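Read the structure below first, then the notes.
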Amino acid sequence: MLSRDIQPTRLERAKREVRGLLDRLRGDRIGLVSFAGDARKICPLTSDPASYRLFLDDVDSSSNSLGGTAVGEGLEVALDSFDDTSPGARVIVLLTDGEDHDSDPPPTEVAYKALAKGIPIHVIALGTAEGGEIPVRDERGSLGVVRDAQGQPVITRPDEALLERIAGIAGGSFLSAARAPFPMDEIWEKRIAMMEGVTRDSASRREGIDRYQWAVALALALLGCRAIAREGR
């Protein structure tokens, strides 16, 4: 996720997409799961975007103890985060390069579980078809790239075939961040916002109208009358 084939990095692009989603929520709850070789729930479901942003900003390449891309574990933690008794729409958005390394359980297996629960998985692939090198710092702090046993730079490419299959199984959609300028916006507008319990709740949310000015004006008028009225009246 530190590859720079998508600027500034795949990880920062993923964060940008999620921040854009936060601006669209109207009382909906959102959670955050981070995964590499293992998976961790970073933020439980919350309707407080300010708190969520703090958790999101702290996510980096050290958020998970094991290297790799355990897509299956990440999806399973996300799926287990939902309360099956809570009403309303539920959805998972997966942002990853998709280079799965022997996940247990396999991501397609978790996708079938999500399908059985009626939870679509929308997928955003991070990375270009050409791929990119993986930057790394050595013990002296010098910046280099990850190399294979033969000393050649390792090129990371998104596994779009796997990611499309995950989305297809779970009834979701697939987009590439390399080809769509704002994939999260597109998923929200065309898929998530159309779900029962999302559009209606958001559309029917009423904003309060401030009418305190009338009370203040009346109070000032009464004070003015008191000032000009004769003593005792």
Side-chain angles (χ1 to χ4, degrees), residues 1-6 9-18 21 30-45 55-56 58-82 90-134 136 146 154-180 183-184 186-187 191-192:
M1 291 295 283
L2 297 180
S3 177
R4 294 190 174 93
D5 56 341
I6 289 184
T9 65
R10 294 177 182 180
L11 178 60
E12 289 304 317
R13 175 63 184 277
K15 287 184 176 183
R16 190 194 81 177
E17 295 297 325
V18 176
L21 176 62
I30 184 172
L32 179 63
V33 173
S34 171
F35 62 93
D38 58 350
R40 291 178 53 208
K41 184 191 296 184
I42 302 296
C43 178
L45 289 170
F55 287 106
L56 179 64
D58 284 341
V59 173
D60 57 25
S61 59
S62 63
S63 297
N64 297 81
S65 57
L66 299 177
T69 310
V71 178
E73 281 93 328
L75 288 174
E76 187 168 58
V77 172
L79 194 61
D80 292 342
S81 299
F82 290 111
R90 297 176 296 172
V91 62
I92 293 174
V93 181
L94 172 65
L95 299 97
T96 179
D97 57 23
E99 287 191 314
D100 188 66
H101 300 289
D102 299 322
S103 281
D104 183 21
T108 51
E109 179 181 314
V110 186
Y112 280 114
K113 292 180 181 178
L115 176 65
K117 293 187 175 185
I119 301 176
I121 300 176
H122 301 294
V123 182
I124 297 176
L126 297 163
T128 62
E130 296 77 17
E133 298 176 342
I134 307 171
V136 64
V146 175
V154 174
I155 303 299
T156 171
R157 297 180 179 86
D159 188 346
E160 293 194 2
L162 171 64
L163 298 180
E164 285 189 84
R165 190 178 177 201
I166 292 170
I169 291 172
S173 57
F174 169 84
L175 287 173
S176 168
R179 298 189 292 273
M184 186 71 84
E186 187 171 339
I187 288 175
R191 304 301 292 268
I192 300 177

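In what follows, residues are counted from 1 in the order of the sequence shown. Predicted model, so just to flag it, every value in this text is computed and none were measured.
For the residue pair Ile6 and Gly127, the shortest heavy atom distance occurs at CD1-N, 3.0 Å. Ala78 approaches Ile92 most closely through the heavy-atom pair CB-CD1, 4.0 Å. Contact record, Gly171 with Arg191: O-NH2, 3.4 Å, taken as the closest heavy-atom pair. Nearest heavy-atom pair across Ala180 and Glu186 is CB-OE1, 4.4 Å. Closest non-hydrogen pair, Leu94 versus Leu163, comes out as CD2-CD2, 4.3 Å. Listed here is the closest heavy atom pair of Pro183 and Leu175: O-CD1, 3.5 Å.
With sequence neighbours left out, Asp159 forms a side-chain hydrogen bond (donor to acceptor under 3.5 Å, both in side chains) with no residue at all. Contacts of Val136 classified as side-chain contact (heavy atoms from CB on, under 4.5 Å), with partners at least two apart in sequence or in another chain: Val146. Here Ser3 pairs with Asp5 under the side-chain hydrogen bond (donor to acceptor under 3.5 Å, both in side chains) rule; sequence neighbours left out. Residues satisfying the side-chain hydrogen bond (donor to acceptor under 3.5 Å, both in side chains) criterion with Arg90, sequence neighbours excluded, are Asp84. With sequence neighbours excluded, the residues that form a side-chain hydrogen bond (donor to acceptor under 3.5 Å, both in side chains) with Arg13 are Glu17.
How far CD of Glu164 is from CD1 of Ile166: 11.0 Å, rounded to the nearest 0.5 Å. Taken to the nearest 0.5 Å, the CG atom of Leu56 stands 6.0 Å off from the NZ atom of Lys15. From Phe55, atom CZ reaches atom CG of Leu32 across 9.0 Å, with rounding to the nearest 0.5 Å. Atom CD1 of Ile30 is separated from atom CG of Leu21 by 4.5 Å, given to the nearest 0.5 angstrom. Here Asp97 contributes atom CG and Leu162 contributes atom CG; the two are 10.5 Å apart, rounded to the nearest 0.5 Å.
Pro158 is not listed as a side-chain neighbour of Leu126, based on a closest heavy-atom distance of 4.5 Å or more. Residues Ile155 and Glu133 meet the side-chain proximity criterion, which asks for heavy atoms closer than 4.5 Å. Two residues are said to be in side-chain contact when any heavy atoms from C-beta on lie closer than 4.5 Å; Val18 and Met184 meet this criterion. At a threshold of 4.5 Å between non-hydrogen side-chain atoms, the residues Phe82 and Leu45 count as touching.
By the neighbour-count criterion of 12 heavy atoms within 6.0 Å, atom CZ of Arg4 is sparsely surrounded, having that number or fewer from other residues, nucleotides or ligands.
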Q: Show your reasoning for whether side chain to side chain contact (heavy atoms under 4.5 Å, CB included) applies to Phe35 and Thr96.
A: CA-CA 9 Å; Phe35 62 93; Thr96 179; 3.9 Å; yes
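Judged by distance alone, the side chain of Thr69 and the main-chain N or O of Val71 form no donor-acceptor pair under 3.5 Å.
Under the 4.0 Å criterion applied to side-chain N and carboxylate O atoms, Glu160 and Arg165 are not assigned as salt-bridge partners.
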Would you mind writing out the side-chain donor-acceptor pairs for residues 109-124 within the sub-3.5 Å range, not counting sequence neighbours?
residue : atom : partner : partner atom : Å
Lys113  : NZ   : Glu76   : OE2          : 3.4
His122  : ND1  : Ser173  : N            : 3.0
His122  : ND1  : Ser173  : OG           : 2.9

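Thr156 and Arg10 form a side-chain donor-acceptor contact under 3.5 Å, judged by distance and modelled atom types alone.
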